[in-house]
Structure formats: structure tokens, C-alpha cells
Amino acid sequence: MIPTWVWLIILVVAILLALVISSIITTQYQKKSAATTVGNAEEKARGIIDEALKTAEAKKRESLLEVKEESIRVKNDLDREIKERRAEAQRYERRVQQKEENIDKKADAIEKREAGLAAKEDALNKMKEEVSKLNEQRVQELERISGLTSEQAKDYLLKIVEEEVKHETAVMIKEMETRAKEEADKKAKEYVVNAIQRCAADHVSETTISVVQLPSDEMKGRIIGREGRNIRTLETMTGVDLIIDDTPEAVILSGFDPIRREVARIALEKLIVDGRIHPARIEEMVEKAQKEVETMIKEEGEAAILEVGVHGIHPELVRLLGKMKFRTSYGQNALKHSIEVAHLSGLLASEMGLDVRVAKRAGLLHDIGKSVDHEMEGSHVQLGAELCRKYKENPIVINAVESHHGDVEATSLIACIVQAADTISAARPGARRETLETYTSRLKQLEDITNNFKGVDKSFAIQAGREVRVMVVPEQVSDADMIVMARDISKQIESELEYPGQIKVNVIRESRVIDYAK
């Protein structure tokens, strides 16, 4: 009997043999499979390579064809462009040739013209010489016939022509003035007279002082105060000079600013009524007076626009109108003057069929610049126009403000109406007054202007400067010369003098013939 371990060895050996045989078989199978796979791969690779070669060859042929086509196309384009440029160059060459031919033709024509002009110039020179000789002969013959030299004859002719022209000019001026006066005087007088008759206004006078009445002379000492402290406080607060002199029961307030003078008057009257006069009380009363005057200014402005019947004016312009109550011009109250001009402008506008409301508005605002001309630089005309522009007034109103003294040309009939109304208001008797010195100076200037004219014997300013009578030497000034002289004197007066209204220039030529009966 075989032992167990022997069977185990045999089993192990058998298993090992089986494993060896299976591995050998597997290895051979794998080799065969690998060989088969490699062969297939090589075949596929060769196929891919062949296909790639074929594709590359085809692409190469296509590329070559495209390059050839592109080169052919580029060549054709170049050939076409070369042909076009050649054609264009030929056209330019033909144009240049034509221009050269034209220039040559023009040069030939110019040469021919120059030759013709030279010939004509020679002929003209010859003709001028002949004319000059003939003229000399004619002048010599005329001098021989007339017995005058050429200079004497020239002076004689000029004198005759000058007299004729002067006479014709005087006659023409006279006719034109007469015709214009005949056409315009009737209507103008009718309008102005109607407007003046329908407008009534007060006579006013200029003042720069206010008088405050006192209950007794003892109040003067209380107003002055201890060591003058009360009067100094009042003058400092109001900017007005207090004049306390021997005038019984009165104190004089002096100042060129009427608003400050009014504030001082109201404050002083309140202090007198109150009886307590000391610096603190003075300051309190001055503040109250200032507020009262501001209220008064506003109320005066509103009353003015209500009286005239104008609405829609900016509140600041209304306040400035109120300030004009305390402004005077040649003694005439500026606010009353503006109201009067507004009424006159409305009356004249209604007579002429124009817009009455715009005319009244322009007349009321024409002197608005006077309310600020003490505070700002510039004339009241410029300041008034700037204020009206600032507060968006009507362009017609602005032009009327600018042109009412002739500084700017009037662009509407309403502006001309305002000029006329302003002159009427300022020139009516009693409206304004001048100082004696200004008055006499104006009369002297008026006479000096007229005396400077050639042929004037004497001149007299009469009718308070409203008329100047000029006596001329009859041997030096003819009737025709009188018309021209009157016009020249009027123009010089307008340019050199400032005056309200108008001045009548009366030129008088007196001729006397004396004989005796024996």
C-alpha cells in the first residue's frame, strides 16, 4: 500500500505539470494573437499612409491650380490698371496740350491787344496835345474878348454859382419847412393842446431842507443833549445835519438825500411828542421812522400805478417808483413828473390811435433811473434801461426809457410820444425853476452863440430864454442868407445848450431907404 504523502507529491507534481503546460499553451496563443494584431495594424497603417499620400497629392494639385488662377487674376488686374493709367495719362497729356494751345492763343491775343492799346495811347496823347493847344488858344481868345484873366473869370463864375446855389438852397429849405409845418403843425398842436388841457398838475419848488416845528425853544436844549450827545446820535443815525439856530421854535434838517431827511423829520417829531430824548430812544425812533418811510414808499408806488391805471409792474419797480416821491429835478417832484408824463403819453397815444396802456407804462417808467442814480454810477437813462431789462419790461418801454433824452434812436411812435410828453411836463410854466446863476449863464451862452455868426449886429435873449432875436447887417446878409443863418443858429444851439422846451430863433434884417422932398 502506497503512503499518503506519496499521493500528495504526485498530486503536486501533476498540478505543476498542468500549470506549466497551460502557461506554454497560453503564451503561444498570445503570440499568435499579437502577431495577428500587428499584421492588421500594419495593414491599416499602410492603408492610412496610402490614403494620406493620395489626399496630399490631391491638395497639392488643388493648391497649384489655385495659385495659377490667382496669378492669372492678379496679372489681369495689373494689366487692366496699367491700361487705365495709360488712358488717364493720355487724357491728362491731351488736356495739358489743349491748355498750352489756349495759353499760346491768349498770349497772342494779349500781344495784339497791347499793340492796339499802344497805338491808341499814342493817338490819345496826340489828341491831348491838340486839345491842350486848342484849350490854350480858347482861353487866350476868351481873355482877349472878356478883358479878364482865367483866374478872375473863375472867381467871377464861382461867385455867381455860389449865390445861385445859396439862393436856391434857401428857397428849397423855406419851401420844405413851410410844407412840413403846414402838414404837421395842425395835428401836432391839436394833439399837444388837447393833452395839456386834459392834464392838470401842481407847481412845485426845489428844497433841500425840512423844518420841524418845536412846542417851545426849551426843546432845543433837550434835542442837543448833554455835551451834544443827542444831536450827534441823531445826525449819525440819519446822515442829516441838524441846524439849531436863532429861528424861534424850529429846527432845520439839511441834507441832499430826501429819504434820509424824511426819516430824520419823522424820528424828530416822534421824539418831540414822546418827550424822552436820549441816545437809546433816538435809535429806537429812527428805526421806526425808517420802517414807516419804507411803508410810505411802497404805498406811494402802488398809489401811482393805480392813479395811472397800469398793472403788472414788478414789485421792485413799484418800490423804486415810490422812492421817486423824495426825488426832485429842477424843483419838480420826480414821481409827480412821471405820473404827469404817463397821463400825457396816454392822451397823445389815444389821439394817434396807439396802445394807451403801453404808452402810459412807458411814461410812468421813463425816469425810473432817478430813484437809484444817487446810489449807482451812470446816468438815470442808462440805469432806468438796465432796471427795466432786469425786471423783464416790454422792449417798447425799454426803448422809450433809453430814448426819451435822445441818447438812443427811438424805434416806435410810443417812444416819440414819451419824448413829447416829457418835454411838455418839464417845459410848462411853473413846472421847474432854475437858480439865478444857471439862468443868467444860459442866457449869456445863447447870446454868445448868435453873436459869433458873420453878419450879426446884435442879439437879444428874451422871453426867459425861450426866444432869441438876431439883428443882422443888411449889407452883409441877404434875404436868402437869413434862412440859412436861422437854421445854422438853431442847430448850434441844439448841440451846445441844454434847455427845457424849445427856443425860437428870430433873424431880423432891416433895410431903410431915406430921401428928402425939397
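The two residues Leu364 and Ala342 have their closest heavy-atom pair at N-CB, 3.6 Å. Residues Ile259 and Lys323 share a closest heavy-atom pair of CD1-CE, 3.6 Å. Here the closest non-hydrogen pair linking Ile266 and Val293 is CD1-CG2, 3.7 Å.
A donor-acceptor contact shorter than 3.5 Å links the side chain of Arg361 to the backbone of His311. Remark: the backbone N or O of Glu409 is paired with a side-chain donor or acceptor of Asn399 at under 3.5 angstrom. Formation of a donor-acceptor pair under 3.5 Å by the Lys360 side chain with backbone atoms of Gly346 is not found in this model. At distances below 3.5 Å, not a single donor-acceptor pair connects side-chain atoms of Asp274 with backbone N or O atoms of Lys270. A donor-acceptor pair under 3.5 Å links the side-chain atoms of Asn125 to the main chain of Glu121, judged by distance alone. Checked by atom type and distance alone, the side chain of Arg509 pairs as donor or acceptor with a backbone atom of Val477 at under 3.5 Å. For Ser132 (side chain) and Lys128 (main-chain N/O), no donor-acceptor pair under 3.5 Å exists by modelled atom type. Proximity of a side-chain donor or acceptor of Glu393 to a complementary backbone N or O of Ile398 within less than 3.5 Å is not detected. No donor-acceptor pair closer than 3.5 Å links the side chain of Asn230 to the backbone N or O of Arg226. Looking at Glu302, its side chain never comes within 3.5 Å of a backbone N or O of Val318 through a donor-acceptor pair.
Arg281 CZ: more than 12 foreign heavy atoms inside a 6.0 Å radius.
Between His366 and His337, the ring planes are perpendicular. Angles over 60° get that label, and only those under 30° would be called parallel.
Between Lys288 and Glu284 there is a salt bridge, with a side-chain nitrogen of the basic residue lying less than 4.0 Å from a carboxylate oxygen of the acidic one. A salt bridge does not link Lys291 to Glu294: none of the charged nitrogens lies less than 4.0 Å from a carboxylate oxygen. The pair Glu386-Lys390 fails the salt-bridge criterion, with no side-chain N (NZ, NE, NH1 or NH2) lying under 4.0 Å from an Asp/Glu carboxylate O. Electrostatic pairing of Glu316 and Arg319 counts as a salt bridge here, judged by a charged N lying under 4.0 Å from a carboxylate O.
Checked against side-chain contact (heavy atoms from CB on, under 4.5 Å), Ala362 has the following partners two or more places apart in sequence or in another chain: Val397, Ala400, Ile414, Val418.
Among Ile489, Asp488, Asp481, the single residue meeting the side-chain contact (heavy atoms from CB on, under 4.5 Å) criterion with Met485 is Ile489. Checked options Thr238, Leu268, Ile277; the residue passing with Ile282 is Ile277 (criterion: side-chain contact (heavy atoms from CB on, under 4.5 Å)).
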